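Chain letters run A, B, ... following the sequence lines, proteins first, then strands; residues in each count from 1. All values reported here derive from a predicted model rather than from experimental measurement.
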There are 2 protein chains.
Amino acid sequence: MAAVAGQVTNKGEGAVLSDRAYNAIAETFRALADPTRARIVHLLSFGESSVNHLAENLTVTPSAVSHQLRMLRQMGLVRFRREGQLAFYALDDPHVAILFQEAREHVSDYLQEGRKSREWL
Amino acid sequence: MAAVAGQVTNKGEGAVLSDRAYNAIAETFRALADPTRARIVHLLSFGESSVNHLAENLTVTPSAVSHQLRMLRQMGLVRFRREGQLAFYALDDPHVAILFQEAREHVSDYLQEGRKSREWL
DNA sequence: TCGATATCTGAGCACCTGCTCAGATATCCA
DNA sequence: TGGATATCTGAGCAGGTGCTCAGATATCGA
């Protein structure tokens, strides 16, 4: 405890955001913080896709994909439309694809500094 | 199971990445997927800061901050230098600040669509 | 209507995460 | 050296996450 009890918090040192802002931002990152969801988002960046099509390409059960898609939907990253028996999902926000690409470049740069190999990019 | 057993995986449908690539990308997002770490990264985007200074501004114990900083360090998002008793941390990659800003804009756009208020931005 | 296919959903479980707590380590200064 | 301050670290715990499993729901075609 103790934790330097004085000095409550942010004064005028910049544009400190509210707790709700940081929570929402963290939640956005959390949506992409899982390999399966990252794969889903990357596939959807090429265009909309059905649940089974995603499951096939990801070698994951349709159930698991459906669970993850629900999460992405609740977080506002994807939208879906129904066409007969099929449910087509697509990215709902251009920022999502940008985020993915930016993270991909960060990883590329990071690995390029010689800490690991990068033959997979 | 079953999972549409046929059709192994990615054919030529685009630039599908390797498992290691998706894991690394997801790990990058995971680094920012926590409100405390998001706050830390945002504060560091204004310049380097000591552990206690971060702890004061975040109203979190120095111990918790130190744990999170170690994680961010291991993930290659921050670097640090020691000056006497103090350890100053700073962002180690321009992509990190860009990622944060992009997520902030996504959240802003998302909330602007009327699903929630956004008086905190 | 019936069977086949596609998707969704809740329960349960193994694993992971972030925090606190207690103590270790490191640096400065008297 | 000894005390004060700053930071680090491992153990442990409460809560969260992603998957599987079983079953429900929905749509199409015969």
Q.
Would you say B:Thr61 places a side-chain N or O within less than 4.0 Å of OP1 or OP2 belonging to C:dT20?
A. yes
Q: Taking the side chain as every heavy atom from C-beta outward, state whether A:Val96 and A:Asp93 have any atom pair closer than 4.5 Å.
A: yes
Q: Compare every heavy atom of B:Glu102 with every heavy atom of A:His95, then report the nearest pair and how far apart it is.
A: ND1-OE2, 2.7 Å
**Q.** B:Leu86 CG - D:dT7 P separation (whole Å)
**A.** 5 Å
Q.
Working note: B:Arg73 + B:Tyr89, criterion side-chain hydrogen bond (donor to acceptor under 3.5 Å, both in side chains); need CA distance, chi angles, decisive distance, verdict.
A. CA-CA 9 Å; B:Arg73 216 166 55 219; B:Tyr89 283 78; 2.6 Å; yes
(Q) Strictly below 4.0 Å: does A:Asn52 bring a side-chain N or O up to OP1 or OP2 of C:dT7? (A) yes
Q | Whole-Å gap separating C1' (C:dC8) and CG (A:Leu72) | A | 15 Å
(Q) With side-chain contact (heavy atoms from CB on, under 4.5 Å) as the test, pick out the partner of A:Leu54 among A:Ser49, A:Ser66, A:Pro62. (A) A:Ser49
Q.
With a 4.0 Å limit, can you tell me whether B:Tyr89 has a side-chain N or O closer than that to the phosphate oxygens OP1/OP2 of D:dC8?
A. yes
**Q.** salt bridge (Lys or Arg N to Asp or Glu O under 4.0 Å) contacts touching residues 57-70 of chain B (sequence neighbours left out)
**A.** none
Q. Who else is in B:Ile98's hydrophobic cluster (ILVMFWY, side-chain heavy atoms under 4.5 Å, direct or via others)?
A. none
Q: Give the other cluster members for B:Phe88, using side-chain heavy-atom distances under 4.5 Å between Ile, Leu, Val, Met, Phe, Trp and Tyr residues; answer none if it is isolated.
A: B:Leu86
Q: May I have the distance from B:Leu54 (atom CG) to D:dA6 (atom P), rounded to whole angstrom?
A: 14 Å
(Q) If you compare every side-chain N and O of B:Arg37 against the phosphate oxygens of C:dT17 (OP1, OP2), does one of them come in below 4.0 Å? (A) no
Q) Would you say C:dG18 has OP1 or OP2 under 4.0 Å from some side-chain N or O of A:Arg30? A) no
Q: Could you check how far CZ of B:Phe80 sits from C1' of C:dT27, rounded to whole Å?
A: 14 Å
Let me have the donor-acceptor pairs involving side chains of residues 38-47 of chain B, under 3.5 Å, with sequence neighbours excluded, atom names and distances please.
| from | atom 1 | to | atom 2 | distance (Å) |
| --- | --- | --- | --- | --- |
| B:Arg39 | NH2 | A:Asp19 | OD1 | 3.1 |
| B:His42 | ND1 | A:Tyr22 | OH | 2.5 |
| B:Ser45 | OG | B:His42 | O | 2.5 |

Q. How close or far is atom P of D:dG16 from atom CG of A:Asn23, stated in whole angstroms?
A. 13 Å
Enumerate the protein-to-nucleotides 10-13 of chain D contacts in which both atoms are nitrogen or oxygen and the separation is below 3.5 Å.
| from | atom 1 | to | atom 2 | distance (Å) |
| --- | --- | --- | --- | --- |
| D:dG10 | OP2 | B:Arg70 | NH1 | 3.1 |
| D:dG10 | O6 | B:His67 | NE2 | 2.8 |

Q) When the distance from CG of B:Leu58 to C1' of C:dC19 is rounded to whole Å, what number comes out? A) 14 Å
Q: Show your working on side-chain contact (heavy atoms from CB on, under 4.5 Å) between A:Met71 and A:Arg30 and close with a plain yes or no.
A: CA-CA 10 Å; A:Met71 186 178 187; A:Arg30 198 161 55 81; 3.4 Å; yes
Q | Nearest-angstrom distance from the residue atom CE of B:Met71 to C1' of D:dC8 | A | 17 Å
Output a table of nitrogen or oxygen pairs between the protein and nucleotides 23-30 of chain D separated by less than 3.5 Å.
| from | atom 1 | to | atom 2 | distance (Å) |
| --- | --- | --- | --- | --- |
| D:dT27 | O2 | A:Gln85 | NE2 | 2.8 |

Q.
Nearest whole Å is fine: how far is C:dA6 P from A:Arg81 CZ?
A. 16 Å
